[in-house]
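What follows is one structure encoded as structure tokens, with my remarks underneath.
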Amino acid sequence: MNDSRAIGIFDSGLGGLTVYEALRKTLPHEDFIYLGDTARLPYGSKSRETVVRYAKQNAQRLIREDIKLLVVACNTASAQALPDLQKQLPHLPCLGVIEPGAKAAAKASATGQIVVLATEGTVRSGAYPTAIQRIKPTAQVHALACNLLVGLVEEGWCEGPEAEAVVQRYLRHLQNVQKVTFDTLVLGCTHFPLLANTIRKGLPPGVAIVDSASSVALDVRDYLKEKELTNAPERQGNNRFFVTDAPKRFQRLASRFLPDVTGLEAILADLTAPC
Ligand code: DGL
């Protein structure tokens, strides 16, 4: 049994392309429809109520494309809105990035001392500590809001002295001021995988870096297989991109997240149009 419908993905903007990229590589025969809510980002500093409202509107827009599964690529939206989406859409499987990231972190950590770098909203939600401790009850999870890191990535400053200085400052605060020791660090934001090399330089040797993008791709693969929702394995997947503002800017900046992709075309999506 195959299901040729697409997989819908949404994020607050560009960052979710790291999740899209992991999905595309893991599931090359699947079709993907990506929606970046570029008109309303960032989500990381917004209230839970607002993020839930945006997430529901994004999901409704993707449902109009007849998707078979929804991936909430945005950590902030996964942390704050996934249960609301699952309640509102009982017939559409909705997967977020927190559980897969938490699973990977719990597996990687020998000591149970885990740090999560994320947005303010994700940290405020407590979603990562809750998810990790559900799997590993003895884990001690310290989540740190790193708002400036999102801006660095959007600016394309993922490596070099400026990026290193900002990353060092967050990590120093953790290690020297808050005296947190850890053996695993979770990149709990769509943008942070692009900073992995720079973050690695600021960490003591032996600390594992966990990225929820690759973990969610494996979970989606397993889910599709289990529910017999996979696309025909001999075909090549098709990808479409929608944004809620500035498609040209999205097209230009997308190459930072997708170095191998050329000629990406983004279509303006109207979230207020009647279903
Ligand atoms: N996509 C968001 C996340 O993963 C980061 C950007 C934003 O704040 O909107 O949390």
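Just so you know, these numbers use all the heavy atoms, side chains as well, and skip hydrogens, waters and symmetry mates. Everything numeric here is computed off the predicted structure, so don't read it as measured data. We count ligands from 1, going down the list as the structure has it; atoms in each ligand are counted the same way. This chain uses plain numbering: 1 for the first residue, then up along the sequence.
Annotation for ligand 1: atoms under 4.0 Å from non-hydrogen atoms of Gly44 are 7 (C), 8 (O), 9 (O). Applying the 4.0 Å criterion to heavy atoms of Asp11 picks out, from ligand 1, the atoms 1 (N). Of all the atoms in ligand 1, the ones that sit under 4.0 Å from a non-hydrogen atom of Tyr43 are 7 (C), 8 (O), 9 (O).
Considering both main-chain and side-chain atoms, Thr190 comes within under 3.5 Å of ligand 1 through a nitrogen or oxygen pair. In terms of polar-atom proximity, defined here as any N/O pair under 3.5 Å, Thr76 does make such a contact with ligand 1. At a 3.5 angstrom cut-off on N or O pairs, Ser12 counts as close to ligand 1.
Within the 4.0 Å heavy-atom cutoff, Cys189 counts among the residues contacting ligand 1.
Ring planes of Tyr34 and Phe250: tilted class, angle from 30 to 60°.
Of the N and O atoms on the side chains of Asn75 and Thr122, not one donor lies less than 3.5 Å from an acceptor on the other residue. A donor atom on one side chain and an acceptor atom on the other are not found under 3.5 Å apart for Tyr20 and Asp11.
Judged purely by atom type and a 3.5 angstrom limit, Gln88 has no side-chain atom pairing as donor or acceptor with the backbone of Lys56.
Salt bridge present: Lys103 and Asp219 bring a charged side-chain N and a carboxylate O closer than 4.0 Å.
Annotation: the span from Asn2 atom CG to Glu228 atom CD amounts to 9.5 Å, rounded to 0.5 Å.
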